[in-house]
Each structure stands twice: as structure tokens, then as C-alpha cells.
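Okay, so here's the structure we're looking at.
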Amino acid sequence: MLCPKLTCMLRPRPRTRRFSTAILSQPLNFINGTRSIPTSHNETENITVFNPAKGEIICETVSSGSEDVDRAVQAAKNAFPLWSQLSGFERGKILLSVANRIKERREELAELEVLDNGKPIWEARVDVQSVIDGLEYNAGLAPTISGQQIQLPGGSFAYTRREPLGVCVGIGAWNFPVQIAGWKSAPALACGNTMVYKPSQFTPLSALLLAEIYNESGIPDGVFNVIQGQGETGRLLTSHHDVAKVSFTGSVPTGKKIMADCAGDIKKITLELGGKSPLIIFADCNIDNAVKGAMLANFMTQGEVCSNGTRVFVEQSIKDEFLEKLLDKIKDMKIGDPMAEDTMVGAMISKEHMEKVLGYIEGAKLQGANILCGGERVYPEDPSLSNGYFLSPCVMDNCTDDMTAVQEEIFGPAMAVLTFETEEEVIKRANATKFGLAGGVFTSDLTRGHRVIANLQSGTCFINNYNLYPIEMPFGGYKQSGLGRELGTSAIDSYTQTKMVYVEMGDVDCPY
Ligand code: NAD
């Protein structure tokens with residue numbers, strides 16, 4: 001997901017300091033201010049981390065077990081009294097130091113992200129910038145977190161306190177590893193909570209570097225801990241009795257399990273889940289902008305974006321022109337080395353995921369879709385990339401609402417094009433899904449733009465653009481796409497709880 005300054009990220013940056021390869025050969029947990037080796041791992045849950053662009057192993061580790069999870073939660077619990085008792089202003093100043101340190105090390109973080117995830121370097125820079133934005137924004141909000149004073153009869157009054165929750169757990173997906181870690185930890189820490197963060201087993205590296213940067217910038221030991229592992233490690237965290245809140249980003253099926261696990265202790269939860277969002281393009285739109293919007297809605301991070309507008313509804317009368325312009329732009333997208341400055345399409349996260357996406361495209365063909373471009377594995381000329389998991393951006397025409405590829409989240413560079421005749425019809429079809437993460441409309445008729453958006457059952461909507469996520473905007477889904485909101489001041493609400501205090505200024509009025 002993107003912040004607004006996209007094209008400026010295309011400028012080459014000086015690569016003065018690369019990440020140290022030591023990060024790949026050392027233990028990957030970060031508990032109480034130091035790296036540590038999982039001591040209680042489950043042997044059946046070894047983690048092999050691949051460079052998706054080369055299909056090569058980067059490093060191997062093991063899933064953390066219950067002793068490691070306990071140690072991390074205990075470290076966060078021990079750190080909570082000190083951290084939560086600082087003033088918001090003091091915490092904000094420390095978060096600003098972290099942001100400044102990341103600015104110095106941004107290329108390291110971006111390159112590590114590319115190595116682990118396969119996305120193009122310019123996109124990784126956007127993600128790192130978004131982490132910096134999140135830290136600066138929440139650093140600014142931290143001193144403003146405050147309660148209310150409520151006047152009552154006879155001079156008595158009540159006041160409310162906005163208090164942190166305690167130990168919060170963050171669990172992330174593999175598509176935006178560093179951004180998800182930053183978006184969860186910055187508001188959590190600004191509010192005075194401590195955190196144990198578990199990145200995806202596919203992309204464990206950048207959260208670890210982030211933890212080290214937090215630590216070297218003045219975040220006390222134990223305030224932000226990273227623990228590696230697969231689903232079972234996540235389950236140990238979500239069912240831990242000392243955890244007050246879980247903020248999860250991932251798939252709907254995992255979200256349901258986490259919700260059930262958290263029910264035991266009535267833990268607070270935020271769920272950022274999957275989607276199959278509609279993008280509606282009316283005939284009166286600026287068609288060049290609509291084409292760009294559709295590309296932003298489908299091809300960033302190889303299409304592995306939760307909020308993507310993968311069901312592109314185009315008004316019948318402009319379909320041919322829209323497709324012609326779209327295909328003309330797609331043919332210029334360079335696929336290949338994600339570290340190269342001019343690469344627009346990097347590598348899919350894994351071989352299995354690439355094959356799953358190809359399977360959806362094959363299935364769409366069998367169900368009658370017409371593939372206008374892409375949807376094939378690509379072998380770049382550079383021999384070092386010949387085992388990489390590259391796919392060409394795909395446009396599927398002649399799609400119908402009942403096709404599997406139109407109903408399910410593909411999570412790859414595959415855009416389904418559907419046509420419509422009327423506003424009423426397209427709204428009904430756009431809403432005919434269990435998901436409700438995002439949605440967009442392109443039109444020159446502003447009244448219609450607002451009317452259509454008001455009728456979309458989606459938590460995050462766009463008029464005449466798509467997939468922009470400034471840090472001030474709350475983000476999250478309707479229906480099965482999630483619960484709660486990240487970003488903006490909503491994130492502060494979700495990491496605090498309100499205590500009401502009644503203050504009696506007179507005698508106790510009691511009938512007994
Ligand atoms: P996933 O659900 O398979 O895994 C996400 C994380 O959950 C991983 O860290 C995994 O180890 C952990 N996990 C798995 N089982 C668990 C359990 N039982 N208890 C606790 N943790 C468990 O998702 P993924 O494949 O990593 O990511 C892709 C999905 O994430 C897509 O559906 C995508 O739409 C969604 N996503 C949503 C957002 C959003 O903000 N709404 C952002 C990015 C990705």
C-alpha cells in the first residue's frame with residue numbers, strides 16, 4: 001500500500017550503506033533488547049527463507065515455541081510499567097529519534113525488504129517512507145492523548161483517562177513486512193503499550209532490523225520484541241493470558257482462528273484481512289487517469305496487495321478504448337531484477353504462491369475468460385534470476401461475476417475486467433461479495449462519485465484515484481475484510497482504553 005509521493009521514489013538513491021549480511025546468519029528473535037536463538041522450537045516447523053527473485057535460500061531458522069513466546073511476553077510485560085509511565089511527549093520524542101534513525105538507514109531497510117519479499121526497490125522505499133511517516137505522525141499524537149472532564153451537579157465531576165492496554169501482539173503478512181510492523185508498533189508504542197511482533201515466516205528479516213533500530217534509538221529493552229515462527233507460534237501468542245490485544249494482518253481464514261483464540265480472554269483485536277475490491281469506471285471519467293488507477297489497483301507489489309481493486313467494472317461504451325490504453329501501458333512495465341531502479345514488476349513471494357496464481361488464471365480461461373495479456377511465468381535474461389518467481393501482469397477480459405477468479409482473492413497480478421450498463425446494476429454487483437476492504441470509482445460527475453461510494457460496502461474508498469494510504473487516513477475493512485481500523489487517530493483509539501473516574505465534592509447521598 002502506498003503513500004502519495006510515488007514517482008519521487010523512482011529516483012535512484014545513494015547506496016552508501018547496505019544491510020550487513022550478518023543479519024542473515026544470526027539468530028532471528030529479538031527479545032528484551034538482544035538477539036536470541038529460539039530455545040523451544042518445534043522441529044517440524046523449520047523456516048527456510050527464500051529470495052524470490054533468485055529462488056535461492058537466504059537463511060534458515062526455526063519456529064519459536066512456548067518458552068520463547070513466554071520470554072518475549074514477559075519481557076514486554078516487565079517493560080510496560082516504565083514505558084507506560086513516561087509522558088506522551090517523552091515517548092513521542094523517542095519515536096521521532098527512531099524516525100530519524102530510519103531516515104539514515106532507509107536504503108538498508110528497503111534492500112532487505114526487496115531481498116526477502118521480491119518487490120521492486122522503489123516500492124520498498126515507499127514502504128519504508130510509510131514507516132517513517134507512521135512514527136512521526138504518532139510521535140506528534142502521543143502528547144495529545146488525553147481524557148475529558150465532565151461537570152456534574154453540586155460541583156462534583158468526572159474525568160476520563162486514556163490508558164494503554166498493556167502487552168500488545170502484532171502479527172504480520174508477507175506482502176508489506178516492514179510497513180505492517182511499523183503501522184502496528186508506532187501507535188501501540190505512542191500510547192504507552194509494549195509489543196511482541198511476529199512477522200510472516202516468509203519475510204522475517206526487516207522486522208528484526210526495525211527492532212534493532214528501535215533499540216539503538218532509545219526505545220528501552222523489552223518495549224518492542226520480535227519473535228519468529230509460523231502459525232503455531234502465532235497461536236501461542238494470541239492465546240497467551242498476559243496479552244491484552246492482538247493486531248493481525250493476514251488472510252480471512254487465519255483472522256477467524258485468531259478471533260476465536262482471543263475470545264477466551266476477551267482480548268481486544270484488530271483484524272486487517274483480505275479483499276476482492278471493486279473499481280468502477282464510468283464512461284464520463286478521465287480515461288487516462290482511470291487506466292493509471294486500474295494499474296495502481298492491480299499491479300503494485302506483483303498484485304499481492306489486500307486492498308487491490310481486482311474486479312474492474314468498466315462501463316460498456318468505453319471498454320474498447322479503456323482496454324487499448326491499458327494494454328499499451330502494461331507492455332512497457334519492465335519485469336525482472338527487483339533491485340534495478342527501472343523494474344516495475346518484481347518476483348512473487350514463493351513458487352507455491354506463483355503456481356496458485358497461475359492456477360486461478362488457467363481456471364478463468366476454462367470458465368470463459370479471454371486473456372488479453374500476461375498471466376505467464378517469465379524467465380528474465382539475467383541467468384541469476386532464471387529460478388525467480390516472475391509473472392507477467394495479466395488482464396482477463398470477458399469475465400463474469402460467477403467465475404472463481406472474480407469471486408476469490410487471487411493475490412497476484414491478475415485484473416478481471418467486467419462491463420456494466422447502469423449505476424444501480426454495478427453497485428449491486430460490486431457489493432455481491434463477502435469481502436469489503438476497499439473500493440473505488442472513476443467519474444467526472446462528482447455527485448455520482450459520492451453517491452456510488454456511499455452505497456459501496458467497503459471500509460476504504462477512493463474517488464478518481466486508488467490505493468493511496470496517507471498515514472492520517474484510517475484504514476480497514478467492512479464485512480469479512482476485518483475489524484477495527486489502523487492508521488489515523490483510529491489507531492490511537494484501538495491501542496487505548498478509557499477509564500471513567502467519578503469525583504464526589506459533597507457528602508455521600510445514601511438512603512441506607
Ligand atoms: P496468513 O493468514 O496465512 O498469515 C498471516 C500471519 O498469520 C503470518 O505471520 C502467519 O504465520 C500467522 N498465522 C498463521 N496461522 C496463525 C494462527 N492460527 N494464529 C496466529 N497467527 C497465525 O496470510 P498471508 O498469506 O501471510 O498474507 C496474505 C493475506 O493477508 C491476504 O489475504 C491479504 O489480503 C491479507 N492482507 C491484509 C492486509 C490488510 O491490511 N487488510 C494487508 C496485507 C495483507
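These numbers come from the heavy atoms of this one structure, side chains and all, not from hydrogens, waters or symmetry mates. Throughout, numbering of the chain's residues begins at 1 and tracks the sequence. Each ligand, and each atom within it, is numbered from 1 in the order the structure gives. Owing to the predicted nature of the structure, the values given are computational and were not obtained by experimental measurement.
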Can you tell which of [options] gets a heavy atom nearest to [atom]?
atom                    : options                : result
atom 4 (O) of ligand 1  : I47, V305, T254        : T254
atom 43 (C) of ligand 1 : N175, V252, N308       : N175
atom 29 (C) of ligand 1 : S350, G250, G231       : G250
atom 1 (P) of ligand 1  : S200, S251, A260, G234 : S251

Quick check: does [X] get an N/O under 3.5 Å from an N/O on ligand 1?
X    : result
D261 : no
T238 : no
K257 : no

Taking atom types as modelled, is there a side-chain donor on T39 or D68 under 3.5 Å from an acceptor on the other?
yes
Please check if any side-chain donor atom of S36 sits under 3.5 Å from a side-chain acceptor atom of R71, or the reverse.
yes
For the side chain of [X] and the backbone of [Y], is there at least one donor-acceptor N/O pair under 3.5 Å apart?
X    : Y    : answer
T194 : F80  : no
N298 : N308 : no
N225 : M195 : yes
S458 : A438 : yes

Please state which part of [X] comes within less than 4.0 Å of ligand 1, counting heavy atoms only: side chain, backbone, both or neither.
X    : answer
E486 : neither
S307 : neither
E232 : neither
F202 : neither

By number and element, which atoms of ligand 1 are closer than 4.0 Å to a non-hydrogen atom of [X]?
X    : answer
P199 : 9 (O)
G274 : 32 (O), 34 (O)
F248 : 2 (O), 5 (C), 6 (C), 7 (O)
L273 : 34 (O), 37 (C), 38 (C), 39 (C), 41 (N)
A173 : 26 (O), 27 (O), 30 (O), 44 (C)
T249 : 5 (C), 36 (N), 37 (C), 38 (C), 39 (C), 40 (O), 42 (C), 43 (C), 44 (C)
I171 : 6 (C), 7 (O), 9 (O), 12 (C), 20 (C), 21 (N)
I258 : 19 (N), 20 (C), 21 (N)

Heavy-atom gap [X] to ligand 1 smaller than 4.0 Å:
X    : result
F176 : no
G172 : yes
G476 : no

Take K184 and S247 through the side-chain hydrogen bond (donor to acceptor under 3.5 Å, both in side chains) test and state the conclusion after the steps.
CA-CA 7 Å; K184 292 189 189 306; S247 178; 3.0 Å; yes
When rounded to the nearest 0.5 angstrom, what is the spacing between CG in L135 and CG in L210?
7.5 Å
Roughly how far apart are H450 NE2 and C461 SG, rounded to 0.5 Å?
12.0 Å
Would you kindly check if the NZ (Lys) or CZ (Arg) of K119 is within the cone defined by 45 degrees around the ring axis of F176 and under 6.0 Å from the six-membered ring centre?
yes
Could you check, using the six-membered ring where one of them is a Trp, whether W83 and F224 have ring centers closer than 6.0 angstrom?
no
Give the ring-plane orientation class for W183 versus F475, where under 30° counts as parallel, over 60° as perpendicular and anything between as tilted.
perpendicular
Please step through side-chain contact (heavy atoms from CB on, under 4.5 Å) for the pair E486 and T249, ending with a clear verdict.
CA-CA 10 Å; E486 289 197 309; T249 298; 4.2 Å; yes
